[in-house]
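Within every chain, numbering begins at 1; the chains are lettered A, B, ... in the order of the sequence lines, protein sequences first and strands thereafter.
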Amino acid sequence: MNTFENDQVARRYEELHELEADGVIAYPYSFPKTFDTAAARALFQDNAAERLQVAVAGRVVAIRRMGKASFFHLQDDSGRLQIYLKNDDLPNYDHLKLYDIGDIIGVHGFMFRTRTGEVSVHAQTVQMLTKCLVPLPVPKEETDEQGNRIVHDQFADKELRYRQRYLDLAVNPQVRDTFRKRAKIITTMRRYLDQRGYLEVETPVLHTMYGGAAARPFSTHLNALSIPLYLRISLELNLKRLIVGGFEGVYELGKNFRNEGIDKTHNPEFTMLELYVAYKDYLWMLEMVEEMLNEVVLAVNGSLHVKTAGGELNFTRPFRRATMHELIYEYTGHRIDGMDADALRAVANQLHIGVDATMGAGKIIDEIFSERVQPHLIQPTFVMDFPTEMVPLAKRHRSKPGLVESWELIVNGQELAPCFSELNDPRDQRERFAEQAKLRAAGDDEAMLIDNDFLYALEVGMPPAAGLGVGIDRLTMLLTGQESIRDVIFFPMMRPEEKRAAAENPDAADPTSPSEAAATDSERGEWEGGDRVE
RNA sequence: GAUUCCGUAGCUCAGCUGGUAGAGCAUCUGACUUUUAAUCAGAGGGUCUUGGGUUCGAGUCCCAACGGAAUCACCA
């Protein structure tokens with residue numbers, strides 16, 4: 001789509017030309033801003049001895065022209081502030097007719113309060129800083145008698161909001177708050193971990209062998225070595241290698257990539273914190289997570305009580321702790337301790353939970369748990385001690401046969417953070433990998449691969465260690481009250497709009513052009529072969 | 001991947017049993033020097049997502065494609 005086809009856009013280009021014809025530098029290099037709008041408002045005092053002079057800058061989000069005086073609302077990173085612009089004070093007042101909603105302007109002036117009581121800037125100079133060349137869908141706002149903010153014509157089209165997040169952010173400033181909170185969550189965690197002396201590290205995203213989680217990977221190809229590569233599905237194995245190497249506490253805040261479904265709790269790339277601490281076990285880590293989450297929740301929310309759509313979450317320590325078996329008994333009335341796969345299958349059938357003959361005991365327990373227990377765990381709950389086959393990288397329980405030392409923190413019915421005492425006995429790890437290989441052979445394409453280098457690392461010796469993962473996206477959802485992961489990721493994965501792309505980029509529709517030839521190896525192979533097979 | 005719903009002006013949305021496309025805001029012109037969802041008077045703006053079909057006639061009915069949302073399945 002050629003934007004000039006839109007007459008509103010064409011008009012704005014004309015206004016830009018008119019300004020430039022009048023000698024205005026439409027895209028200046030800087031502006032000597034002195035205050036955020038919020039700071040300017042905060043510093044203003046009625047009846048102050050001296051006028052408070054300010055220079056503010058931001059996007060114009062409302063214009064009310066009244067002939068030889070005008071009121072603009074300016075929006076910057078901190079909020080909105082009204083600007084009073086008066087013909088008598090501004091030599092370039094006539095230019096204001098060339099200003100539009102969406103333009104970014106700078107204003108020098110003094111703070112005052114209008115007759116109707118709104119703290120404003122009385123402009124002494126006004127300057128275009130960047131012309132907005134497309135119509136911006138800025139909603140109108142009013143404040144009712146109770147002081148509630150009422151938004152009219154809210155820009156709410158989710159597709160456009162996600163595809164063109166810059167518009168969403170520019171026009172719906174409350175969206176920026178969600179992402180500020182996300183940043184606060186991350187910086188608070190980082191500070192907490194740094195204060196304890198753990199080392200923040202970066203490990204490769206591109207793996208020659210993926211592992212550390214049960215998931216399908218993205219595949220890619222390294223031209224230089226002509227080998228297949230995978231985007232990492234977890235950070236786990238490389239971080240443990242660093243523990244082997246002698247670091248006693250390492251963490252990474254990074255992206256994982258899983259080639260699986262997309263819905264309101266899953267994005268193909270998502271952010272995890274993973275932490276490994278030597279000489280500690282999963283019980284120690286449990287205490288640490290409680291403490292860290294307390295700091296994070298307080299920093300972001302100001303209180304340990306977090307309001308959600310359905311009620312309130314209480315992050316006061318200690319969180320509830322219960323074993324998986326206890327919780328299954330609590331919510332289903334079945335005691336499954338010591339049951340074999342057949343007995344468990346009978347229980348599942350009784351509970352009308354679909355299980356098939358290929359499922360082992362661990363898988364059946366997992367099914368029962370996630371169907372009948374997990375959705376009910378609203379308040380923060382540590383679910384302890386999983387079946388061994390569910391967690392192939394966790395250490396066997398010191399006293400409970402058939403289980404591993406692990407827990408999963410569930411909040412609001414969602415898995416938020418897994419942890420275990422890390423398996424460091426290479427003999428056991430080899431066996432567990434072998435079990436995974438069997439599952440893989442039986443058709444489970446999410447089963448883990450055998451990582452011989454990792455086994456070798458364990459032979460070199462990894463001290464006892466506790467490992468933790470925290471899903472940053474989901475934690476952000478909880479603490480910002482967002483129900484979709486897309487609302488806590490700036491640019492969530494969206495299906496490309498093929499037809500529009502083809503119309504705008506003719507090359508994409510031309511099979512002989514370089515851009516198409518570079519599309520994928522498999523397609524290129526077909527083209528090089530001459531006739532395309534479809 | 002399955003099912004249901006949705007796609008109309010820059011934005012938010014109407015549009016009945018099929019009969020030349022509507023509103024508010026935004027935009028444009030004019031009035032207005034403390035307004036605030038400013039107001040008042042006038043004007044312009046649409047390949048109704050795309051492609052087929054039925055029909056004298058399709059925004060409306062049918063089929064398909066594209067995109068989105070919700071629910072389910074898989075997964076964290």
Quick one: label A156(A) by what it contacts on the DNA or RNA (base, sugar-phosphate, nothing), any heavy atom closer than 4.0 Å.
sugar-phosphate
Distance between P atoms of U55(B) and G15(B) (Å, rounded)
28 Å
What would the secondary structure line of RNA chain B be in dot-bracket form, counting Watson-Crick and G-U wobble pairs under 3.5 Å, with [ ] for pairs that cross earlier ones and | for pairs with another strand?
(((((((..((((.....[..)))).(((((.......))))).....(((((..]....))))))))))))....
Considering just the side-chain nitrogens and oxygens of R11(A), establish if one lies under 4.0 Å of OP1 or OP2 belonging to C28(B).
yes
Donor-acceptor pair under 3.5 Å, R115(A) side chain vs U34(B) base
no
By nearest nucleotide on RNA chain B, pick out whichever of R113(A) and P135(A) is the more 5' one.
P135(A)
Say we look at A21(B) and U47(B): how far apart would their C1' atoms be, to the nearest angstrom?
13 Å
Taking atom types as they are modelled, would you say the side chain of D157(A) forms a donor-acceptor pair with the base of G68(B) within the 3.5 Å cutoff?
no
Test item: R165(A) side-chain N/O and F490(A) main-chain N/O as donor-acceptor pair under 3.5 Å:
yes
What about Q82(A): does its side chain form a donor-acceptor pair under 3.5 Å with the base of U35(B)?
yes
Among the nucleotides U33(B), A70(B), A76(B), which one has an atom lying closest to any side-chain atom of K158(A)?
A70(B)
Are any non-hydrogen side-chain atoms of N238(A) and H207(A) less than 4.5 angstrom apart?
yes
For the side chain of R216(A), starting at C-beta, report the closest nucleotide among C74(B), U35(B), A26(B).
C74(B)
Say you pick atom C1' in A70(B) and the same atom in C56(B); how far apart are they, in whole Å?
41 Å
Check the orientation of F382(A) and F319(A). Use parallel for under 30°, tilted for 30 to 60°, and perpendicular for over 60°.
parallel
Just by modelled atom types, is the C132(A) backbone N or O under 3.5 Å from a matching donor or acceptor in the R12(A) side chain?
yes
5′-ward residue of the pair L416(A)/E15(A) relative to RNA chain B:
E15(A)
Determine the Euclidean distance between corresponding C1' atoms of G7(B) and U39(B); express it in Å to zero decimal places.
36 Å
Taking U4(B) as the reference, what is the distance to A9(B) when you measure between their C1' atoms (whole Å, please)?
29 Å
Can you name the residues that form a salt bridge (Lys or Arg N to Asp or Glu O under 4.0 Å) with R432(A), not counting sequence neighbours?
D428(A)
Hey, does the side chain of R163(A) come within less than 4.0 Å of G68(B)'s phosphate (OP1/OP2), counting only N and O?
yes
Presence of donor-acceptor pair under 3.5 Å, side chain of D153(A) and base of C13(B):
no
Whole-angstrom distance between C5(B) and G18(B), as gauged at atom C1':
23 Å
If you compare every side-chain N and O of K140(A) against the phosphate oxygens of A38(B) (OP1, OP2), does one of them come in below 4.0 Å?
yes
Side chains of M477(A) and T265(A) in contact at under 4.5 Å (non-hydrogen atoms)
yes
Of the candidates U34(B), U33(B), A69(B), the side chain of K68(A) sits closest to U33(B)
Ring centres within less than 5.5 Å and planes less than 30° apart: is that true of F270(A) and A76(B) in this structure?
yes
Where the side chain of E415(A) is defined as all heavy atoms beyond and including C-beta, which of U27(B), U34(B), A76(B) is the nearest nucleotide?
A76(B)
Looking only at atom P, what distance separates U60(B) and C74(B), rounded to whole Å?
38 Å
Nearest listed nucleotide, side chain of E446(A), among C28(B), A76(B), C74(B)
C74(B)
Near E483(A) CD, under 6.0 Å, is it more than 12 heavy atoms from other residues, nucleotides or ligands?
no
Does the pair K363(A)/D366(A) count as a salt bridge with the N-to-O cut at 4.0 Å?
no
Lys/Arg-Asp/Glu bridge criterion (N-O < 4.0 Å) met for D100(A), K131(A)
yes
Given A70(B), is OP1 or OP2 found less than 4.0 Å from the side-chain N or O atoms of K264(A)?
no
With P as the reference atom in both, quote the distance from A64(B) to G42(B) in angstrom, rounded to an integer.
49 Å
Among U27(B), A76(B), U34(B), which nucleotide has an atom closest to any side-chain atom of I101(A)?
U27(B)
